[in-house]
S.K.: 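Sharing a structure below in structure tokens format, with a few things to ask.
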Amino acid sequence: MNYEEALEFIHGTYRFGSKLGLENIKDLLQRLGNPHERFRAVHVAGTNGKGSVTSMLAHVLHEAGYRVGMFISPYLERFTERIQVDLKEIEPHELARITERVKEKVVEMVSEGKTHPTEFEVVTAIGFTYFAERQVDCAVVEVGLGGRLDATNVVNPLVSVITSISYDHMDVLGDTLEKIAAEKAGIIKQGRPVVTYPQHPEVISVIRRVSRERCAPLFEVDEESIEVVASQVGRQVFNYSFGGEKFSNVVIRLTGRHQILNAATALTAVAVLRREGIAIPDDAVYRGMERAVWPGRLEVVRRRPYVILDGAHNESGAQVLASAIKEYYDGKPVTLVIGMLKDKDADAIVKHLCPLAESVIVTKPDSPRAMEPDELAIKVRGYCPDVTVESDIEKAVAMGLKRVAEDGVLLFTGSLYLIGKVRGLLKPS
């Protein structure tokens with residue numbers, strides 16, 4: 001099996017849908033020798049911010065000298081981004097080799113009348129097998145969807161981390177914040193510590209209840225313990241105190257107030273890991289936090305004019321993005337290029353972003369779940385009269401670059417599937 005054949009097999013399992021539950025993944029992993037039991041883990045769930053926190057923790061542990069696995073979902077440009085060791089993507093030939101092994105076990109399962117694993121279960125098995133083979137000291141594992149029934153929830157983590165929880169995937173996770181929070185809190189394990197980002201009252205009440213029921217020590221990030229020293233595009237500095245530990249003049253390269261809260265969440269997890277006996281020197285903390293990157297989130301890929309990529313795909317993400325545009329680019333004319341998936345709440349997203357724009361180009365993400373641009377354009381016109389539909393992403397990019405004012409902002413958003421394609425066309429300088 002070569003790399004292309006591996007991807008064909010992995011993506012071909014898309015037709016088996018997305019079935020939440022742990023029975024299948026446990027069966028598949030057992031046939032592979034239970035690789036998830038051969039490394040320690042940090043488990044990260046949430047609606048927004050999971051990827052940023054995962055990256056921060058992986059960078060800190062790497063700087064501390066550990067061999068670190070990182071499992072993320074989804075990817076932007078290359079499938080291999082999803083599975084990394086020591087901040088390096090899995091090599092294509094390695095992915096092919098392990099995929100062939102996993103495929104053999106899948107065929108075995110199906111021949112015995114078992115349910116065919118889903119795409120995410122297959123990817124999880126590949127990632128965990130790779131981590132075990134590479135003998136990682138710790139893997140930072142990002143949840144795919146929800147938490148309680150997500151395939152990654154087979155790990156018994158050193159610490160569980162829950163980032164910002166808001167409305168998304170309501171058809172699967174529930175139509176209230178309490179229901180969504182209950183699914184995310186499903187990663188909390190008996191007796192294992194849990195760290196949480198500052199949450200809505202109805203969310204934190206659920207996390208507190210589940211933590212009590214599972215005798216899991218809970219550590220909550222307190223916004224009052226954060227002091228912002230400087231905040232600008234590409235560089236923020238802040239102080240943070242937690243449980244007697246003080247982190248002074250922490251530098252992060254990620255933009256936006258929400259990233260400072262994500263960073264405080266990661267620092268709290270670092271402090272808890274130290275209590276769990278994981279040696280992490282201060283200098284490793286500061287280097288790791290400063291070196292952490294997370295592409296496609298308020299990412300500036302060009303200047304004069306500013307070209308910004310942000311994968312906001314739910315209402316909370318759109319609110320955060322709109323606030324950041326107002327804060328950092330106030331007064332600059334905005335040209336917006338947007339494309340979304342049909343299972344997202346388009347109305348909730350466009351109401352926050354489209355009023356910021358002088359002009360909007362509606363396009364179509366590279367996904368079978370993409371919303372038709374004409375349908376999205378109808379919603380957009382309620383907030384901005386200057387709307388153009390261009391389904392072809394390459395043409396939409398060219399149109400945006402031609403249309404944006406020299407002193408303006410060209411913003412691409414609405415879906416990570418769109419951002420990944422655009423990022424490949426506009427390689428960051």
Side-chain angles (χ1 to χ4, degrees), residues 1 6-7 9-46 50-51 54 69-75 79-85 90 94-134 136 138-162 169 172-173 182-190 192 214:
M1 179 180 284
L7 290 185
F9 168 70
I10 292 167
H11 295 319
T13 58
Y14 177 79
R15 67 181 184 274
F16 296 103
S18 175
K19 296 184 282 289
L20 293 174
L22 301 181
E23 183 178 349
N24 244 26
I25 186 64
K26 286 181 177 179
D27 187 350
L28 179 55
L29 289 172
Q30 184 177 29
R31 294 166 190 264
L32 291 163
N34 289 320
H36 60 296
E37 296 178 355
R38 290 158 54 193
F39 56 84
R40 295 176 293 187
V42 175
H43 204 191
V44 185
K50 308 191 288 293
T54 295
M70 186 165 71
F71 185 83
I72 63 172
S73 176
Y75 63 94
F79 181 88
T80 51
E81 295 168 23
R82 298 186 68 166
I83 302 166
Q84 302 182 33
V85 170
I90 185 172
E94 289 288 282
L95 179 76
R97 179 182 60 80
I98 296 174
T99 300
E100 186 167 22
R101 184 179 168 203
V102 170
K103 181 180 179 180
E104 290 173 359
K105 303 303 179 184
V106 168
V107 171
E108 189 179 279
M109 288 174 66
V110 173
S111 70
E112 295 175 10
K114 303 291 180 65
T115 302
H116 195 296
T118 65
E119 180 176 4
F120 189 72
E121 288 169 337
V122 167
V123 176
T124 300
I126 294 168
F128 289 178
T129 299
Y130 184 59
F131 295 157
E133 285 188 358
R134 293 295 303 275
V136 300
C138 184
V140 188
V141 177
E142 179 185 349
V143 165
L145 174 62
R148 181 175 66 93
L149 299 176
D150 186 78
T152 63
N153 204 27
V154 295
V155 297
N156 185 28
L158 293 165
V159 58
S160 302
V161 182
I162 301 176
H169 299 292
V172 178
L173 303 180
E183 293 300 318
K184 306 286 187 184
I187 70 166
I188 298 173
K189 300 296 192 301
Q190 189 72 29
R192 304 309 304 152
R214 298 180 186 170

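Each residue takes its place number in the sequence, starting with 1.
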S.K.: Under 3.5 Å, side chain of K26 to main-chain N/O of L22, donor-acceptor pair present?
M.R.: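 It does not hold such a pair.
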S.K.: In terms of ring plane angle, is the pair Y75 and F79 parallel, tilted or perpendicular, where the classes change at 30° and 60°?
M.R.: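 Y75 and F79: perpendicular rings.
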S.K.: I'd like to check the ring pair (Phe, Tyr, Trp, His ring centres under 6.0 Å) partners of Y130; sequence neighbours left out, ordered by chain and number.
M.R.: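 Scan of Y130 (ring pair (Phe, Tyr, Trp, His ring centres under 6.0 Å), adjacent residues dropped) gives none.
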S.K.: Can you say whether the rings of H116 and F9 are parallel (under 30°), tilted (30 to 60°) or perpendicular (over 60°)?
M.R.: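 Tilted, since the angle between the ring planes falls between 30° and 60°.
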S.K.: Do F120 and L145 have side chains that get closer than 4.5 Å, going by heavy atoms?
M.R.: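 They are not in contact (no side-chain heavy atoms under 4.5 Å apart), so the answer is no.
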S.K.: Kindly say whether V123 contributes a backbone atom to a donor-acceptor pair with the side chain of R82 at under 3.5 angstrom?
M.R.: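 No; zero donor-acceptor contacts below 3.5 Å.
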S.K.: Between Q84 and V140, is there a side-chain heavy-atom distance shorter than 4.5 Å?
M.R.: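 A side-chain contact is absent here, since even the closest heavy-atom pair is not under 4.5 Å.
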S.K.: Counting only heavy atoms not in E23 (residues, nucleotides, ligands), do more than 12 fall under 6.0 Å from its CD?
M.R.: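 Not buried by this count: 12 neighbours or fewer within 6.0 Å.
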S.K.: Looking at side-chain heavy atoms only, is the closest gap between P117 and I25 below 4.5 Å?
M.R.: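 P117 does not reach I25 side chain to side chain.
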S.K.: Can you tell if the side chain of F71 reaches within under 4.5 Å of the side chain of T124, non-hydrogen atoms only?
M.R.: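 Yes, side chains in contact.
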S.K.: Counting only N and O atoms by type, is there a donor-acceptor contact under 3.5 Å from the side chain of R101 to the main-chain atoms of L32?
M.R.: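 Answer holds: yes.
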S.K.: Any side chain to side chain donor-acceptor pair (under 3.5 Å) pairs touching residues 34-43, not counting sequence neighbours?
M.R.: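 Counting only pairs at least two positions apart or across chains, the side chain to side chain donor-acceptor pair (under 3.5 Å) contacts touching residues 34-43 are H43-T152.
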S.K.: Would one find more than 12 heavy atoms of other residues, nucleotides or ligands at under 6.0 Å from atom NZ of K103?
M.R.: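 12 or below, so no.
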S.K.: So do V143 and K184 actually touch side chain to side chain, heavy atoms under 4.5 Å?
M.R.: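 No, side chains not in contact.
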S.K.: Does some side-chain heavy atom of T118 sit less than 4.5 Å from a side-chain heavy atom of N24?
M.R.: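 No, side chains not in contact.
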S.K.: Using a strict threshold of under 4.0 Å (side-chain N to carboxylate O), is an ion pair present between E94 and R134?
M.R.: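 No, no charged N to carboxylate O under 4.0 Å.
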S.K.: Report yes or no: does R192 contribute a side-chain atom to a donor-acceptor pair with the main-chain N or O of V159 at less than 3.5 Å?
M.R.: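 It does not hold such a pair.
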S.K.: Going from NE2 on H11 to CD on E119, what distance comes out if it is rounded to the nearest 0.5 angstrom?
M.R.: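 Reported to 0.5 Å precision, the distance equals 6.0 Å.
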